[in-house]
Structure formats: C-alpha cells, structure tokens
Enquirer: 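Sending over a structure as structure tokens; questions will come in a sec.
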Amino acid sequence: HTHTHTHTHTHTHTHTHTHTHIMAMENCSPLAQPMWRCPPLLPSQLDTILIANELEAELRVLTVQYRQELGLGTHWDDDLSYLLSPALTAYELERCTGLSVGNEEFQDAIHNAVPLGHTFKGFPIQLTSWNPKRVFSACTKSQVCTDILSCRGDQVRMAVRTKLCDYPEGVCAVWVMFAVKYKSVL
C-alpha cells in the first residue's frame, strides 16, 4: 500500500490507525481467522428483575407520599401496571432498532382495561439511574407526569411499571412508566 504524495507524520499515523481499526473489525467477524482475539466485553452483573422490582416498590412509596402531600389517597391498579410491561419492552426495542412494534397491541390492551367513560394517561421515560429518588425527581420535572401523579377525580387508579435493560460494560437503560385511569367528568 503506497502513497503517491507526501503526508505529514501525524496524518500517516492517523491513516495507519484507521486502517488498523478496519483490520481489527474484520478480525472480529465470526468468519475471520484472527491473528489476535478481540477483547471480550464485560457481561452485565446486574439482577435487573430484582432491581426493577425494588425500584417499582420505592416509586410506589414515593407516589403515595407525593399524593398525601396534596391531600390525595392512592389506589393502585396492579392489572394496569402489568399491562405497561410490553410497552416498556417495545420502547427499548424501538430505541435500539428504530422499529416501532407492539403499539397496536398495547393500545388494544389499554382500551380493554379502561372502562367506557374513563380516561387513561401514561408517561414513559428512559433514564440511566435506578436510584428511586433520582428517578422520581426526573419524572416530576415533566408536566405530564405531575398531572398523572396529582390526578383528582372519581375512581382514580394509579399504575407504575419499571424495566431495566442491561448491556455489556455496565450500560443499563432504565424505563419507568407512570399511568392513571379515572372516570371522566363531563
């Protein structure tokens, strides 16, 4: 591989580095016979289900406290919380691939779970922290979320769901969705 024009040392080094990087990527392909091995990615050590369950329990406590400060009681709808799970999975899949999947099924499930004359509101958010106070603080910066958390009306039922998606090297996407269903007043 020869050059017909002169380069500075820095440019040559950059070019060599780029070329080496391309070679390294080729060597990482499963079909290549590498002269050296790619360094392994560190697998996640997180128990994402345990962390998600603990986070969800703490967010419920924080929600009850938040609503108490407003003079409101809190009634949870566990079935509604359960229905939020596939939505969080779909949101992470869309974030990773750019493809939207499962939206119609989620809307159908919510439609079936929310009685006629009732309203549903949901607020999904993706974060990198699973510290309950940080998560709750980030959520309450959104007007949509505070509207949900401070909802007043007849038959108000709250829901919250969390999902942690872990990746190598300690990277973790934390999804939280707060939701409420209540009887609409005309």
Side-chain angles (χ1 to χ4, degrees), residues 42-115 118-153 155-184:
L42 293 174
S44 172
Q45 302 294 320
L46 297 175
D47 184 341
T48 56
I49 294 171
L50 178 68
I51 295 168
N53 288 340
E54 289 174 352
L55 174 59
E56 197 168 297
E58 287 294 318
L59 292 175
R60 281 182 174 233
V61 170
L62 292 168
T63 299
V64 168
Q65 291 171 353
Y66 183 92
R67 289 179 59 81
Q68 278 176 341
E69 289 172 13
L70 299 173
L72 301 169
T74 306
H75 302 281
W76 294 100
D77 185 329
D78 293 332
D79 293 334
L80 187 58
S81 291
Y82 177 77
L83 291 177
L84 303 178
S85 297
L88 296 181
T89 300
Y91 295 147
E92 179 63 9
L93 190 62
E94 183 175 357
R95 190 185 71 80
C96 291
T97 66
L99 301 173
S100 179
V101 291
N103 192 29
E104 285 180 33
E105 291 86 350
F106 173 65
Q107 288 183 2
D108 288 346
I110 295 301
H111 182 76
N112 291 333
V114 178
H118 285 64
T119 300
F120 169 86
K121 288 183 182 177
F123 173 75
I125 186 171
Q126 190 261 315
L127 307 149
T128 55
S129 171
W130 56 85
N131 174 296
K133 288 189 167 110
R134 281 194 195 146
V135 169
F136 198 78
S137 175
C139 291
T140 55
K141 286 183 172 80
S142 163
Q143 186 63 49
V144 174
C145 189
T146 57
D147 287 349
I148 289 169
L149 294 173
S150 61
C151 184
R152 300 169 187 268
Q155 300 173 32
V156 174
R157 297 293 178 265
M158 305 297 298
V160 64
R161 183 58 32 149
T162 59
K163 179 173 181 59
L164 272 70
C165 305
D166 60 333
Y167 296 96
E169 300 294 324
V171 174
C172 189
V174 180
W175 283 94
V176 176
M177 188 167 188
F178 282 101
V180 65
K181 71 176 182 181
Y182 59 94
K183 189 169 186 179
S184 309

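Because only heavy atoms are used, hydrogens play no part in the values below, and waters and symmetry mates are left out as well, while side chains stay in. It should be emphasised that the depicted structure is a prediction, and the values quoted were computed from it without experimental measurement.
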Enquirer: Measuring from atom CG of L93 to atom CG of L88, what distance do you get when rounded to the nearest 0.5 angstrom?
Expert: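 Interatomic distance, L93 CG to L88 CG, rounded to 0.5 Å: 12.5 Å.
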Enquirer: S142 versus F178: any side-chain heavy-atom pair under 4.5 Å?
Expert: no
Enquirer: Test side chain to side chain contact (heavy atoms under 4.5 Å, CB included) on L149 and M158; report intermediate values, then the result.
Expert: CA-CA 8 Å; L149 294 173; M158 305 297 298; 4.2 Å; yes
Enquirer: Is there a salt bridge (charged side-chain N to carboxylate O under 4.0 Å, His left out) between D147 and K121? Walk through the geometry before answering.
Expert: CA-CA 9 Å; D147 287 349; K121 288 183 182 177; 5.1 Å; no
Enquirer: For the CE atom of M177 and the CG atom of L83, what is their distance to the nearest 0.5 Å?
Expert: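 The distance works out to 10.5 Å.
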Enquirer: Going from CG on L84 to OH on Y91, what distance comes out if it is rounded to the nearest 0.5 angstrom?
Expert: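 Result: 8.5 Å between the selected atoms.
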Enquirer: With rounding to the nearest 0.5 Å, note down the distance linking CZ in R157 to NZ in K181.
Expert: 8.0 Å
Enquirer: Does the side chain of V160 reach to within under 4.5 Å of the side chain of R60, using non-hydrogen atoms?
Expert: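 Yes. Closest side-chain heavy atoms under 4.5 Å.
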Enquirer: Show the nearest heavy-atom pair for residues V135 and S129, with the distance to one decimal.
Expert: CG2-O, 3.3 Å
Enquirer: A side-chain contact here means heavy atoms from C-beta on lying under 4.5 Å apart; do L80 and I110 qualify?
Expert: yes
Enquirer: Looking only at heavy atoms, which two atoms of A113 and P115 are closest? And how far apart?
Expert: O-CD, 3.5 Å
Enquirer: Mind listing the closest non-hydrogen atom pair of L59 and P132 along with its distance?
Expert: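 For L59 versus P132, the nearest heavy atoms are CD2-O, 3.7 Å.
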Enquirer: For I49, does the CD1 atom sit with more than 12 other heavy atoms under 6.0 Å from it, leaving out its own atoms?
Expert: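 Atom CD1 in I49 is not packed in, count stays at 12 or less.
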Enquirer: I need the minimum non-hydrogen distance between S100 and N103, along with the two atoms involved.
Expert: OG-CB, 4.4 Å
Enquirer: Counting only heavy atoms from other residues, nucleotides and ligands, does the tally under 6.0 Å from CZ of R134 exceed 12?
Expert: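 For R134, atom CZ is not crowded (no more than 12 foreign heavy atoms under 6.0 Å).
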Enquirer: When rounded to the nearest 0.5 angstrom, what is the spacing between OG1 in T162 and CG in L127?
Expert: 11.0 Å
Enquirer: Heavy-atom distance under 4.5 Å between the side chains of V174 and L55, does that happen here?
Expert: yes
Enquirer: Measure from the side-chain N and O atoms of E169 to the backbone N and O of L42, and report whether any donor-acceptor pair falls under 3.5 Å.
Expert: yes
Enquirer: For R152 and Y182, what are the C-alpha separation, side-chain angles and deciding distance, and is it a side chain to side chain contact (heavy atoms under 4.5 Å, CB included)?
Expert: CA-CA 8 Å; R152 300 169 187 268; Y182 59 94; over 6 Å; no
Enquirer: Evaluate the side-chain proximity of C145 to I125: yes if any heavy-atom separation is below 4.5 Å, no if none is.
Expert: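 They are not in side-chain contact.
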Enquirer: Considering only heavy atoms from C-beta outward, does the side chain of Q155 approach that of H118 to under 4.5 Å?
Expert: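 With C-beta onward as the side chain, the pair touches.
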Enquirer: Look at the rings of F136 and Y66 and say which category their plane angle falls in: under 30° parallel, 30 to 60° tilted, over 60° perpendicular.
Expert: perpendicular
Enquirer: Step through the shown structure and confirm whether more than 12 heavy atoms of other residues, nucleotides or ligands are within 6.0 Å of OH on Y82.
Expert: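 No, because the 6.0 Å sphere around OH of Y82 holds 12 heavy atoms or fewer from other groups.
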Enquirer: Looking at S137 and K133, would you say the former's side chain and the latter's main chain have a donor-acceptor pair under 3.5 Å?
Expert: no
Enquirer: Measure the spacing between CZ of R67 and NE2 of H75 and express it to the nearest 0.5 Å.
Expert: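 R67 CZ to H75 NE2: 8.0 Å, rounded to 0.5 Å.
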